[in-house]
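Just so it is clear, the values below take in all heavy atoms, side chains as well, and ignore hydrogens, waters and symmetry mates.
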Amino acid sequence: MRITDIEGIMLRLPEVRPIGDGCQSVLLLRVHTDAGITGIGEVHSNPLVNKAVLDAPLCSVSAEGMRSLLVGEDPRDIGRLWDKMYRHSQTYGRRGVAMHVMSGIDIALWDILGKVAGLPLYRLLGGARRKSHRAYASDLSQPSLEATVALARKHRDAGYRAMKFGWGELGSDVRDDVRRVAAIREAVGDELDIMLDMGFPVPLDDAIYLGRALAEHRVYFLEEPLSPDDVGGFAKLVAASPTPIATGEKETSLHGFVDLMDRGELRIVQPDVARVGGISEAMRIAAHCESRNVRMIPHCWSTDILVAATLHVVSTLRDCPYLEYNVTDNPLRTELLVAPIRPRDGILHVPEGPGLGIELDEDTIARYRWDG
Ligand SMILES: [Mg+2]
C-alpha cells in the first residue's frame with residue numbers, strides 16, 4: 001500500500017475577523033493511497049503557511065517539504081513516517097508550523113490505518129476506557145458583561161456542566177476580569193465548573209492576583225495567563241496560585257510539554273492534536289503526563305475533524321475530566337461533516353466508524369474552498 005498524493009485544501013470564511021477564533025480558516029488534508037483509501041486530517045494553524053510546508057520541494061536533506069517525503073511510502077508505517085518528517089525538516093521544523101503540518105498528516109495516517117483495519121481509531125490506540133465524555137462549552141468573552149452572562153446562561157440551559165470564556169478584552173483590567181467571573185458564577189450557580197482563558201499574557205504579578213482572586217469563585221483553571229515561552233514564570237505562578245493553571249495550546253512536541261511540566265510545574269496541560277505533532281505525539285505526551293500525575297485536557301477549538309481525533313485520544317486516557325468544545329457559530333465547525341459531532345446534555349461520544357469515523361461534506365468544502 002502506497003501514498004499517491006497529499007491534498008491540502010484551504011477553507012476560509014468569507015469574512016475573517018481579528019478575534020480569538022482559529023477556526024475561521026483551516027487546512028484540510030486528504031492523504032490518498034493506491035488502495036483507494038483516503039485519510040482525513042486537519043492542520044490548526046495558518047493554512048497558507050501550512051500549505052507551503054506541505055508543498056515545498058527538496059531543499060536539503062534536513063529541509064524538505066512533507067509531500068515529497070511521503071509520496072510512495074506505506075501509510076501504515078506511522079511511527080517511521082513521523083520520524084522521517086521530523087528528521088528531514090529539522091532545519092526549518094521541529095516546532096511551530098512544521099509540527100502543525102506533521103500533525104494533520106499524522107491524523108490522516110491514523111485514519112487510513114483504522115480504515116484498513118475496519119476499526120475505530122481508539123481500538124488501535126489501546127482501546128477506550130470511556131466512550132462518553134463531558135464537554136465544556138468553550139466560548140469567547142464578549143465586550144459587555146451582560147452579553148457574556150447571557151451566553152453563560154444559554155450554555156447552562158443547553159446542559160453543559162462546565163464552560164469557559166476567553167480572549168476578547170480579558171487581561172486589560174484584571175479586577176474587571178474577576179468581576180466578570182463573579183457575575184458568571186452568580187448567574188450559573190455553584191454546581192458548574194467555570195474556566196477563564198486569558199489568550200494573551202498579563203504581567204506575572206497580575207497573573208498571581210488573578211490566581212488568588214479567582215479561587216474565591218472556584219475557577220476550575222486559569223488558562224494562558226503568561227507567555228507560552230515564560231516557563232519560569234509559570235513555575236512561580238503555579239506555586240503562588242490556589243487556582244489551577246493550564247496552558248499548552250500554542251506549544252508543540254513532547255519536548256515542549258516535558259518542559260512545561262518539569263520546569264514550569266504545570267499540573268494541567270492542553271496539547272492541540274492538530275498542532276502538537278498529531279495523534280502520535282499527543283499519545284506520547286499523555287504517557288508523560290500520566291507518569292507525573294499531570295492532567296491532559298486537550299485544546300480543541302476547530303472543526304469536527306479535530307473533535308473526532310481528540311475524542312479518540314481522550315477515550316484512551318485514564319483521567320481526562322473534560323473535552324473542550326467550541327460553541328461559537330461557524331459553518332466550518334458545524335457543517336464540515338455529513339454527520340456533525342454534537343453533544344447532548346453536554347456529553348460527546350467517540351465515533352464508532354472505521355478510523356476517525358467521519359465523512360466530509362463535499363458541499364461545505366466547495367462552498368468555503370480558498371485558493372489563497
Ligand atoms: Mg485557549
Could you tell me whether the side chain of [Y] reaches within less than 4.5 Å of the side chain of [X], counting heavy atoms only?
| X | Y | result |
| --- | --- | --- |
| Met66 | Met102 | yes |
| Met296 | Pro271 | yes |
| Pro298 | Thr310 | yes |
| Arg369 | Met10 | no |
| Arg179 | Asp173 | yes |

Please identify each residue that fulfils side-chain contact (heavy atoms from CB on, under 4.5 Å) with [X], with sequence neighbours left out.
| X | answer |
| --- | --- |
| Arg292 | Val258, Met261, Asp262, His288, Val294 |
| Ser253 | Arg95, Met99, His255, Glu281 |
| Ala339 | none |
| Arg30 | Glu7, Ile9, His32, Thr38, Leu360, Glu362, Ile365 |

When Ile, Leu, Val, Met, Phe, Trp and Tyr are grouped by side-chain heavy atoms lying under 4.5 Å apart, directly or through other members, which residues fall in the same group as Phe200?
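Besides Phe200, the hydrophobic cluster comprises Ile19, Leu140, Trp167, Trp301, listed by chain and residue number.
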Run through the side-chain heavy atoms of Ile, Leu, Val, Met, Phe, Trp and Tyr, join any pair under 4.5 Å, and report what else lands in Ile347's cluster.
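Direct or chained contacts put Ile347 with none.
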Examine distances only and state if a side-chain atom of [X] and a backbone atom of [Y] form a donor-acceptor pair shorter than 3.5 Å.
| X | Y | value |
| --- | --- | --- |
| Arg218 | Asp193 | no |
| Arg12 | Trp370 | no |
| Arg185 | Leu192 | yes |
| Ser103 | Gly277 | yes |
| Gln270 | Thr247 | yes |
| Ser62 | His88 | no |
| Gln142 | Thr148 | no |
| Gln24 | Arg17 | yes |
| Arg130 | Cys320 | yes |

Give every residue pair that meets the side-chain hydrogen bond (donor to acceptor under 3.5 Å, both in side chains) criterion with at least one member in residues 39-50, sequence neighbours excluded.
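Listed once each, the pairs are Glu42-Ser302, Glu42-Thr303, His44-Asp272, Ser45-Asn50, Ser45-His100.
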Can you list every side-chain hydrogen bond (donor to acceptor under 3.5 Å, both in side chains) pair that touches residues 336-347, not counting sequence neighbours?
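Passing the test, one end in residues 336-347: Tyr325-Arg342.
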Please list every donor-acceptor pair under 3.5 Å in which a side-chain atom of residues 149-161 meets a protein atom from a residue at least two apart or in another chain.
unit_1	atom_1	unit_2	atom_2	d
His155	NE2	Asp139	OD2	2.7
Arg156	NH1	Ala187	O	2.8

Less than 3.5 Å apart, any donor N or O on the side chain of [X] or [Y] sitting next to an acceptor on the other?
| X | Y | value |
| --- | --- | --- |
| Ser315 | His133 | yes |
| Asp106 | Ser280 | yes |
| Asn330 | Thr328 | no |

In terms of heavy-atom contacts, does [atom1] of [X] have more than 12 from other residues, nucleotides or ligands at under 6.0 Å?
| X | atom1 | answer |
| --- | --- | --- |
| Lys250 | NZ | yes |
| Glu216 | CD | no |
| Glu186 | CD | no |
| Arg267 | CZ | yes |
| Arg129 | CZ | yes |

Any salt bridge between [X] and [Y], counting N to O under 4.0 Å?
| X | Y | result |
| --- | --- | --- |
| Asp34 | Arg2 | no |
| Glu265 | Lys236 | no |
| Arg87 | Asp83 | no |
| Asp304 | Arg333 | no |

Could you tell me which non-hydrogen atom of Ser172 sits nearest to which non-hydrogen atom of Glu169, and how far apart they are?
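Nearest pair, atom of Ser172 first, then Glu169: OG-O, 2.7 Å.
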If you look only at distance, which donor and acceptor atoms sit under 3.5 Å apart when one is on a side chain in residues 71-80 and the other is two or more places apart or in another chain?
unit_1	atom_1	unit_2	atom_2	d
Glu73	OE1	Arg80	NH1	3.3
Glu73	OE1	Arg80	NH2	2.7
Glu73	OE2	Lys84	NZ	2.7
Asp74	OD1	Arg76	N	2.9
Asp74	OD1	Arg76	NE	3.0
Asp74	OD2	Arg76	NE	3.4
Asp74	OD2	Arg76	NH2	2.8
Asp77	OD2	Arg80	NH2	3.1

So, using ring pair (Phe, Tyr, Trp, His ring centres under 6.0 Å) as the criterion, who are the partners of Tyr92 when residues are at least two apart?
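Scan of Tyr92 (ring pair (Phe, Tyr, Trp, His ring centres under 6.0 Å), adjacent residues dropped) gives none.
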Residue list, ring pair (Phe, Tyr, Trp, His ring centres under 6.0 Å) with Tyr220, at least two apart or on another chain
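With neighbours one apart ignored, the set is Tyr322.
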Might you work through the salt bridge (charged side-chain N to carboxylate O under 4.0 Å, His left out) test for Arg180 and Asp176, ending with a clear yes or no?
CA-CA 6 Å; Arg180 278 172 190 267; Asp176 191 49; 3.6 Å; yes
Among Asp111, Ile279, Leu113, Val350, the one residue meeting side-chain contact (heavy atoms from CB on, under 4.5 Å) with Leu121:
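Testing Leu121 for a side-chain contact (heavy atoms from CB on, under 4.5 Å) against Asp111, Ile279, Leu113, Val350 leaves exactly one candidate, Ile279.
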Relative to the ring of Tyr136, is the ring of Phe221 parallel (under 30°), tilted (30 to 60°) or perpendicular (over 60°)?
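Rings of Phe221 and Tyr136: perpendicular, over 60°.
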